[in-house]
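The next block holds one structure in the form of structure tokens; read it before the comments.
Just so it is clear, the model here is predicted, and its values are computed rather than measured.
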Amino acid sequence: MSSEGSPEAARPSNFIRDIILADLAAGKNDGRVHTRFPPEPNGYLHIGHAKSICLNFGLAREFNGKCNLRFDDTNPSKEETEFVNSIMEDVRWMGFQWDALFYASDYFDQLYAWAVQLIKSGNAYVCDLTSEQVRATRGTTTEPGTPSPFRNRTIEENLDLFGRMRAGEFPDGARTLRTKIDMTSPNFNMRDPVMYRILHAHHHRTGDKWCIYPMYDYTHGESDSIEGITHSICTLEFEDHRPLYDWYVENLGIHHPQQIEFDRLNVTNTLLSKRKLLLLVQKGLVSGWDDPRMPTLSGLRRRGYTPEALRTFCANVGVSKTNGVIELGLLEHFLREDLNKRALRAMAVLDPLKVVITNYPADLTEHMEAVNNPADESAGTRSVPFSQVIYIENDDFREVPPKKYYRLSPGTEVRLRYAYFITCQAVIKNDAGEIVEIHCTYDPASRGGNSPDGRKVKSTIHWVSAAHGVEIEARLYDQLLLETTGDESADSDFTSQLNPQSLVIPPKAIAEPSVATAAPGTKYQFERVGYFTVDPDSTPEKPVFNRTVQLRDTWAKIDKALTT
RNA sequence: UCCCUGGUCGUCUAAUGGUAGGACAGCGGCCUUUGACGCCGUGAACAGUGGUUCGAAUCCAUUCCGGGGAGCCA
């Protein structure tokens, strides 16, 4: 098992793995395990797909099997090459490589031949009903449908008509090829489902070769079958389609993969509808599919999420058939856990408050040694310039400190991380009464952060030297949605529920100089502030950082409890 | 109303006829040159009712509640 030793190896079992284990024990499929990840290239992959990717590729890896990437491209009106490319990039980024790459459109000729075969065996017919008429004759949940008047056309007539459909003799929607199954079935999918529809549309791969296109239900099982898939894993909404999936492969007499349905991933406060994500992009409400606020894999990547964190998350959310909603906090937990191990530490001040150290020489610069990652000694140390005027975080000073406030306030002493102890001596205000700077004194004996007399301070705060710091653009992200919305309230105007504060850029953020030239994608923990990653927009003149996730903040909880 | 499907701590998930466990979140504490990380502790669940059984979260019946289903979308 190649996944042994990786963090996700400790995952609990799940019903799909149990099915595979049982199949293996029974000698089914000659001991093969072959899965596939089958997205339609009509949008960008999102975190919901990550679960499916991890499941399909992960199972194949675990059982020394194979996993294909297959594009389910049977509806040319929605599909584009841009999406194909982004999907391949995202799957690789997630850390997986497909054993084979296919497109459902690879099978159009075979599918056509099989359709002819079904016509010849009396199992399919050309129907002239309009889509409205088909709907009207399909029946209801309690009443059976009524047979199409074209249901008993002769095989010869069906063959002729189907050939002419393919030849382009009829306009869109004029006819369909339908499977002759059972108009009285309680399962609508079995009431003579459409196999082919006429669509004079340009396909991103087959161009104008076809003007009839197979439906998903007619295509999926056969595609699985052709590829020798053993376990065809899909989401719960396809449960009702399984009898039809089985019907096609049985009646065609071809290899019969087993369709298994699992619960789609839902995350609190997160939009996971391709339609709505598309809308956000089209309306310009986000900067694109890779906007760091988007739950797309490309958005999460730009935001600073790591594939390792996503994989661990997917391995731990479980696979079942319950319609659950995972708390976003769980994702953030695994994210922080991973980032804590890999992110370089640095100091940055988002909302600066000027501090003058009155007894420190005005012309002196010292270089303080700071560790790059306490969780990884091999990351080494760096030197951080220190001088008389520094900036600290506005939040780290309170003129009137509340109870349990450990940070700087008049008369108190705190430690500047890796530098000195300082004591607040004076608060300088402008005419409006606003604090503009504070004056402190430092203890020269405390260089590096410890006093020889063993004196303790209650707090350590971060800082940036005013003379050496670099201005940065810190993009602070928050949830895109104001509050949990029933994602399913189909056409409710979710755009009115967008959080106007989902992106905030503090105007005067400043960071220690070491971060200025980092390459896009570099991960930092700005100590006591949060995890950040360098954005592709970044330049040495104006470094840009995306806040990936905040640090856990116990004080914020105490403070909130105190004020309420 | 009909078909499919599912209900275990706040959330997600284990236990497959034999001690209801874990993770996240919460709460309390310890540690700390990040109020981070880490560590320790703690509260918290088998939807209801009957039945089968020495024994039921698990099997049966029934009720209640949730999700999906009538595209020429996937």
Looking at [X] and [Y], does any basic side-chain N land under 4.0 Å from a carboxylate oxygen?
| X | Y | result |
| --- | --- | --- |
| E237(A) | R264(A) | yes |
| D396(A) | R407(A) | yes |
| K341(A) | E308(A) | no |
| R70(A) | E227(A) | yes |
| E512(A) | R382(A) | yes |

Pick the nucleotide of RNA chain B nearest each of P186(A) and E527(A); which residue has the one closer to the 5' end?
-> P186(A)
Closest-nucleotide 5' rank along RNA chain B - winner of K404(A) and V317(A) | V317(A)
Partners of E366(A) by side chain to side chain donor-acceptor pair (under 3.5 Å), sequence neighbours excluded?
->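 With neighbours one apart ignored, the set is Y360(A), Y420(A), R447(A).
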Where protein sits on nucleotides 21-30 of chain B, one letter per nucleotide: B base, S sugar-phosphate only, - none, heavy atoms under 4.0 Å = ---SSSS---
Once you apply a heavy-atom cut-off of 4.0 Å, does [X] come out as touching a base, just sugar-phosphate, or nothing?
| X | value |
| --- | --- |
| T141(A) | base |
| R191(A) | nothing |
| F71(A) | nothing |
| I326(A) | sugar-phosphate |
| G139(A) | base |

Syn/anti state of G29(B) by chi, 90° boundary around 0 =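 Anti, which is what one calls it when the glycosidic angle falls more than 90° from 0.
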Stems field, RNA chain B, Watson-Crick or wobble, 3.5 Å, at least 3 pairs, by first number, holds B:2-7 with B:64-69, B:10-13 with B:21-24, B:26-30 with B:38-42, B:47-51 with B:59-63
Please evaluate the base of [N] for a donor-acceptor partner in the side chain of [X] within a cut-off of under 3.5 Å?
| X | N | answer |
| --- | --- | --- |
| Q525(A) | U34(B) | yes |
| D240(A) | G68(B) | yes |
| D553(A) | G35(B) | no |

Parallel, tilted or perpendicular for H49(A) and H46(A), by the 30°/60° rule?
-> tilted
Between [X] and [Y]: side-chain donor-acceptor atoms closer than 3.5 Å:
| X | Y | answer |
| --- | --- | --- |
| S185(A) | N187(A) | no |
| Q258(A) | Y245(A) | no |
| S320(A) | N14(A) | no |

Kindly point out which of [options] is positioned nearest to the side chain of [X]?
| X | options | result |
| --- | --- | --- |
| D18(A) | G35(B), U5(B), U16(B) | U16(B) |
| N340(A) | G35(B), U13(B), C37(B) | C37(B) |
| T322(A) | U34(B), U13(B), A14(B) | U13(B) |

Considering only atom [atom1], compute the distance from [N] to [M] and round it to an integer number of Å.
| N | M | atom1 | result |
| --- | --- | --- | --- |
| C59(B) | U52(B) | C1' | 8 Å |
| C9(B) | G68(B) | C1' | 27 Å |
| G43(B) | G22(B) | P | 11 Å |
| C24(B) | U63(B) | P | 41 Å |
| U62(B) | A25(B) | C1' | 36 Å |
| A14(B) | U19(B) | C1' | 15 Å |
| A45(B) | U8(B) | C1' | 6 Å |
| A47(B) | G38(B) | C1' | 39 Å |

Pair [X] + [Y]: ring centers closer than 6.0 Å:
| X | Y | result |
| --- | --- | --- |
| Y218(A) | W114(A) | no |
| Y248(A) | H220(A) | no |
| Y405(A) | W555(A) | yes |

Would you mind reading off the distance between N187(A) atom CG and U5(B) atom P, rounded to a whole angstrom?
->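 Spelled out: CG on N187(A) to P on U5(B) is 11 Å.
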Whole-Å distance separating the CD1 atom of I461(A) from the P atom of A36(B) =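 Computing the I461(A):CD1 to A36(B):P distance gives 16 Å.
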Has F188(A) got its ring stacked on the base of G69(B), with centres under 5.5 Å and planes less than 30° apart?
->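 No; centroid distance or tilt outside limits.
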Do any of residues 450-459 of chain A sit with a heavy atom less than 4.0 Å from RNA chain B, and if so which?
-> N450(A)
Who pairs with R398(A) by salt bridge (Lys or Arg N to Asp or Glu O under 4.0 Å), at least two apart in sequence or on another chain?
-> D559(A)
Kindly give the heavy-atom pair with the smallest separation between P214(A) and T74(A), and that separation in Å.
->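 Closest approach of P214(A) to T74(A), heavy atoms only: O-CB, 3.3 Å.
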Do the numbers put R205(A) on top of the ring of Y103(A), so that NZ or CZ is under 6.0 Å from the six-membered ring centre and no more than 45° off the axis?
->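 Satisfied, under 6.0 Å and within 45°.
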Is any side-chain nitrogen or oxygen of R528(A) closer than 4.0 Å to OP1 or OP2 of G35(B)?
->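 Yes, within the criterion.
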Every protein N/O within reach of nucleotides 71-74 of chain B N/O, cut-off under 3.5 Å:
{"residue": "G71(B)", "atom": "OP2", "partner": "R138(A)", "partner atom": "NH2", "Å": "3.0"}
{"residue": "C72(B)", "atom": "OP1", "partner": "R138(A)", "partner atom": "NH2", "Å": "3.2"}
{"residue": "C72(B)", "atom": "OP2", "partner": "R138(A)", "partner atom": "NH1", "Å": "3.3"}
{"residue": "C72(B)", "atom": "N3", "partner": "G173(A)", "partner atom": "O", "Å": "3.3"}
{"residue": "C72(B)", "atom": "N4", "partner": "L129(A)", "partner atom": "O", "Å": "2.6"}
{"residue": "C72(B)", "atom": "N4", "partner": "S131(A)", "partner atom": "N", "Å": "3.2"}
{"residue": "C72(B)", "atom": "N4", "partner": "G173(A)", "partner atom": "O", "Å": "3.1"}
{"residue": "C73(B)", "atom": "OP2", "partner": "R197(A)", "partner atom": "NE", "Å": "2.9"}
{"residue": "C73(B)", "atom": "OP2", "partner": "R197(A)", "partner atom": "NH2", "Å": "2.9"}
{"residue": "C73(B)", "atom": "O3'", "partner": "R197(A)", "partner atom": "NH2", "Å": "3.1"}
{"residue": "C73(B)", "atom": "O2'", "partner": "N75(A)", "partner atom": "ND2", "Å": "2.9"}
{"residue": "A74(B)", "atom": "OP1", "partner": "T74(A)", "partner atom": "OG1", "Å": "2.7"}
{"residue": "A74(B)", "atom": "OP1", "partner": "R197(A)", "partner atom": "NH1", "Å": "3.3"}
{"residue": "A74(B)", "atom": "OP1", "partner": "R197(A)", "partner atom": "NH2", "Å": "3.0"}
{"residue": "A74(B)", "atom": "OP2", "partner": "Y216(A)", "partner atom": "N", "Å": "3.0"}
{"residue": "A74(B)", "atom": "N6", "partner": "H241(A)", "partner atom": "NE2", "Å": "3.2"}

